[in-house]
Amino acid sequence: MAKGGGLFNLSKFDVVVVGAGPSGSTAAYLLAKAGFKVLLLERGRGAGSKLLWGGKAYAEPLRKVWPELDKEAPIHRWVTKERISIVWGERALTLEYKLGRKVAFTSPLPELAGWMAKKAESAGALLLDEVPVDEIVVKEGRAVGVRSGNDFVSADVVIDAEGANRILLEKLGLADRPSPYDMALGVKEVLSLDPRLIEERFGLERDEGLSWLILGDITAGIPGGGFVYTMRETIGIGLVLNIGHAAVAAEKGILRDHVSRLVEGLRTHPYFRNYWREADVIEYGGRMTIEGGLRFVPKRLYSNGLLVVGDAAGMLVNTGYTIRGVDTAVTSARLAAEAIIEARDRGGFTEENLRAYEEKVRESYIYRDLVEHSGIAEIFDDPFFFSKVPSLATRAASKLFEADYGEPSLLEAIKRSAEEEEISLLRLMLKVGRVVRRI
Amino acid sequence: MSQAPSRLKVMKLEELLRRDVWDVDEERHIEVLKQEGLPLKALQLLCPMGCYSMAGERLLMSYEGCVECGTCRVLSKPEQIRWEFPRSGRGIQYRYT
Amino acid sequence: MRIVVGVKWVPNTQAVRIDPETGTLIRKGVPSIVNPHDLPAVEAALRLRERVGGEVIVVSMAPPPAVKGLELVLGMGADRAVLVTDRVFAGADTWATSYVLSRAIQKISAEIGRVDLVLFGHETIDSSTSHVQAQVASWLDWPYVYYVSSIEPLGDNAVRVERELEEYEEEYVVELPAVVSIAIKAMKPRPVSLQSKLRAKLERRIITWTNADLKLDPRCVGLKGSPTVVAKTVDMPEVPRKKEVYRPRDPKDAARWIIRKMVEDEKLREVMKGIVGDEL
């Protein structure tokens with residue numbers, strides 16, 4: 001173990017936070033503000049350089065940490081329109097909702113996470129980037145610090161904010177390697193487009209944004225969906241695919257093209273492409289997200305001297321129509337910081353005193369949502385919804401809108417479509433009823 | 001239907017990869033240890049950066065284009081693929097994602 | 001031994017694209033990095049320090065964002081970094097750059113302590129001239145050895161260096177002070193370490209010098225002090241590649257197949273003749 005220089009006690013901190021993503025930076029920010037000596041370790045070059053998401057965050061949970069959010073954060077556009085489309089071939093059925101207030105905003109995650117890390121630094125946390133943590137060091141049943149390469153830093157509390165790839169938790173035996181069915185792959189393209197064109201095409205004012213969920217055959221039958229988010233001068237488009245199902249589809253030869261082809265399919269899709277026909281692709285990438293809901297949450301979010309926050313703690317709610325990962329990460333970190341501050345006031349970071357964190361999480365909207373949407377995984381396990389339902393919906397719509405002679409009633413259109421698709425109406429109603437209950 | 005403008009032609013993965021920035025490490029951070037039992041087709045089609053390919057019968061992993069997403073990690077066991085993060089901040093440098 | 005390592009802050013050329021319509025370089029959004037050729041030089045300096053003690057000082061002439069690169073090098077274990085930065089230094093060619101760097105090295109010698117050895121990478125990924133190292137040596141009037149693959153201390157006043165060239169190796173004993181450039185394959189740079197990075201950050205080991213510190217004649221630095229004239233730049237068009245895959249069971253078949261391909265291709269045949277002669 002390398003020793004630090006003489007003047008400073010280099011290797012002793014009150015709190016070491018692993019990972020300067022949204023949850024890590026939130027915890028570091030709040031704890032530094034509360035007077036803790038905080039070390040925030042990040043493996044990437046600069047906070048955010050390893051992050052990719054769809055593009056939308058819910059503001060209110062973030063305002064609880066940073067009341068100055070609306071003024072200071074790199075908010076690209078406030079989401080004023082929510083769209084959902086079901087796509088089958090060249091046909092599409094779209095529903096749009098116009099929001100009345102500032103609920104959610106879009107921003108590139110490297111930029112948003114960079115802002116959060118800056119807030120942590122300005123509150124007094126020490127951010128070191130380019131340093132991956134190899135191990136959370138446990139001695140006599142207590143987390144005492146972290147190791148990176150040959151170097152060790154000690155801390156009274158370690159906060160694990162390592163993200164969905166839980167290298168450290170798995171090493172500690174606190175989490176198992178997840179099933180591929182509990183994980184989803186997000187693949188995304190960033191398109192650059194003149195802001196005026198973005199506003200014109202999507203019918204937006206300046207600073208207004210659109211969030212678009214897409215279901216249907218764009219995923220080649222693999223459980224998942226597509227998304228479109230408008231940023232200031234870019235548009236993020238992409239797909240989220242269940243890895244377990246996608247792997248089976250690949251092995252069976254059902255999925256024959258590389259996943260990038262599916263995203264390119266979305267970009268060049270006749271229904272979508274004219275929104276961004278002049279746009280250049282300026283970035284392409286992928287990142288994994290969680291689909292297992294409660295199954296991904298470790299058995300315990302705390303132990304002696306250790307708290308787990310953000311994606312690593314499974315603090316991500318996948319409702320089927322939206323993935324909430326950033327506001328939940330920030331909230332879990334806020335609750336962890338509260339618990340640590342209370343534990344200090346009660347005299348120590350023992351397991352007993354840190355238990356409050358898990359209790360706070362259980363009382364929060366995150367846990368409630370995780371429980372309520374726990375059935376979503378079952379829906380994802382049922383390819384019925386990703387092949388039969390979209391094709392049925394678009395077929396029924398085609399009977400309504402593409403009737404050359406005489407229009408059938410809506411019910412008649414659904415009934416006839418169901419017959420053609422060889423789906424029993426009863427089975428359909430049962431399944432849809434189950435989804436409605438879950439969501 | 002009118003001809004799609006050139007920007008709307010389907011791009012190959014290699015073209016998409018040219019949009020990205022890496023500071024490639026000299027050190028390999030992901031390595032196939034044991035090919036047996038790995039879902040070869042899934043790795044080739046699902047790794048978003050196309051890092052996995054076959055050379056005849058052998059599975060090749062080119063770590064240079066990796067974005068450290070972890071898809072190959074959850075599709076394998078520890079004894080099949082050694083999976084670590086690059087050091088010194090190297091690897092993918094996302095900017096607008 | 002006090003060792004200065006010169007590092008350059010360069011655009012990550014892997015990420016620089018050419019706009020297909022205008023033919024110009026797209027540099028927007030391309031982050032800069034420490035010139036990869038410089039990292040083995042840093043490694044060489046650190047290994048020397050580990051053997052004989054002393055100090056490793058990194059010096060770079062660059063705009064302020066280069067601090068990020070200096071943090072990386074300090075994170076590898078360098079003791080301090082000097083960032084030489086001033087608007088008047090902007091637009092410098094290799095001549096003006098080497099002038100500023102050599103004066104910065106003299107200032108280090110005068111104010112921090114005598115510099116024994118200056119190390120550089122062999123070239124830079126953004127211009128590849130390999131001029132600056134030789135020019136610094138000239139300004140300082142020190143000996144210069146380039147493309148060095150290993151470097152050993154020889155008492156306090158000399159080093160023994162090896163150069164691995166294509167067909168032979170050379171060994172020199174170089175009296176100090178001297179300038180040496182290190183070949184990129186010579187040694188693998190170590191990763192950033194937590195303790196070094198922590199120390200660099202807490203002890204603020206980056207010194208910034210502007211021209212107010214160096215007091216150089218503005219006519220001799222930056223664009224004004226640069227005699228190089230860029231006569232013309234040419235974009236090399238991308239060569240369309242033909243891909244063929246041949247999967248023989250026997251490696252000998254593979255070799256025969258490759259040779260046949262090379263002989264059949266007119267352009268390649270010419271190149272091959274240049275190498276092996278008419279026996280082809």
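Just so we're on the same page: letters track the sequence lines, and every chain starts at 1. No experiment lies behind these values; they were computed from the predicted model shown.
With rounding to the nearest 0.5 angstrom, the CG atom of A/Leu185 is 9.5 Å from the CG atom of B/Leu75. Here the CZ-CZ distance, from B/Arg90 to A/Arg45, works out to 6.0 Å after rounding to the nearest 0.5 Å. To the nearest 0.5 Å, atoms CZ (B/Phe85) and CD (A/Glu162) are separated by 7.5 Å. In this structure, the separation between CE on B/Met49 and NE2 on A/His258 is 8.5 Å, given to the nearest 0.5 Å. Residue A/Ser260 holds its OG atom at 11.5 Å from NZ of B/Lys12, rounded to the nearest 0.5 Å. A distance of 8.5 Å separates CG of B/Leu8 from CD of A/Glu278, quoted to the nearest 0.5 Å.
Contact of A/Ser148 with chain B is made through backbone and side chain together, with heavy-atom distances under 4.5 Å. For B/Gln44, the part lying near chain A is the backbone, with the side chain staying farther off; criterion is any non-hydrogen pair under 4.5 Å. At a 4.5 Å heavy-atom cutoff, the contact between A/Asp134 and chain B is made by side-chain atoms alone. Looking at A/Glu170, only its side chain comes within 4.5 Å of chain B, counting heavy atoms on both sides. Both the backbone and the side chain of A/Lys50 have a heavy atom closer than 4.5 Å to some heavy atom of chain B.
Between B/Lys77 and A/Arg177, the closest heavy-atom pair is C-NH1, 3.7 Å. For the pair B/Gly70 and A/Asn165, the tightest heavy-atom approach, listed with the atom from each and the gap, is CA-OD1, 3.5 Å. Here the closest non-hydrogen pair linking A/Gly286 and B/Cys69 is O-CB, 3.8 Å. When all heavy atoms are compared, the tightest approach of A/Arg166 to B/Arg73 is N-NH1, 4.4 Å. When all heavy atoms of B/Leu46 and A/Ile243 are compared, the pair lying nearest together is CD1-O, 4.1 Å.
Remark: side-chain polar atoms of A/Tyr284 are paired, donor with acceptor, to backbone N or O of B/Pro48 under 3.5 angstrom. Between the A/Glu251 side chain and the B/Ala42 main chain, a donor and an acceptor come within less than 3.5 Å of each other. Counting only distance, with no hydrogens or angles, the side chain of B/Lys41 and the backbone of A/Gly253 share no donor-acceptor pair below 3.5 Å. No donor-acceptor distance shorter than 3.5 angstrom exists from the side chain of A/Glu111 to the backbone of B/Tyr96, with no hydrogens or angles considered. Remark: side-chain polar atoms of A/Arg261 are not paired, donor with acceptor, to backbone N or O of B/Met11 under 3.5 angstrom.
Under the 4.5 Å side-chain criterion, counting only non-hydrogen atoms from C-beta, B/Val74 is not in contact with A/Asp182. With contacts defined as side-chain heavy-atom distances shorter than 4.5 Å, the pair A/Glu264/B/Leu16 qualifies.
No other option in B/Gly65, B/Pro86, B/Ser76 has as many heavy-atom pairs under 4.5 Å with chain A as B/Ser76. The choice from B/Val67, B/Thr71, B/Val21 that makes the most heavy-atom pairs within less than 4.5 Å of chain A is B/Thr71. Chain B forms more heavy-atom pairs under 4.5 Å with one residue of A/Val187, A/Ile167, A/Thr234, A/Val131 than with any other, namely A/Ile167. Ranking A/Val248, A/Thr289, A/Ile282, A/Val190 against chain B, the residue ahead of the rest is A/Ile282, based on heavy-atom pairs under 4.5 Å.
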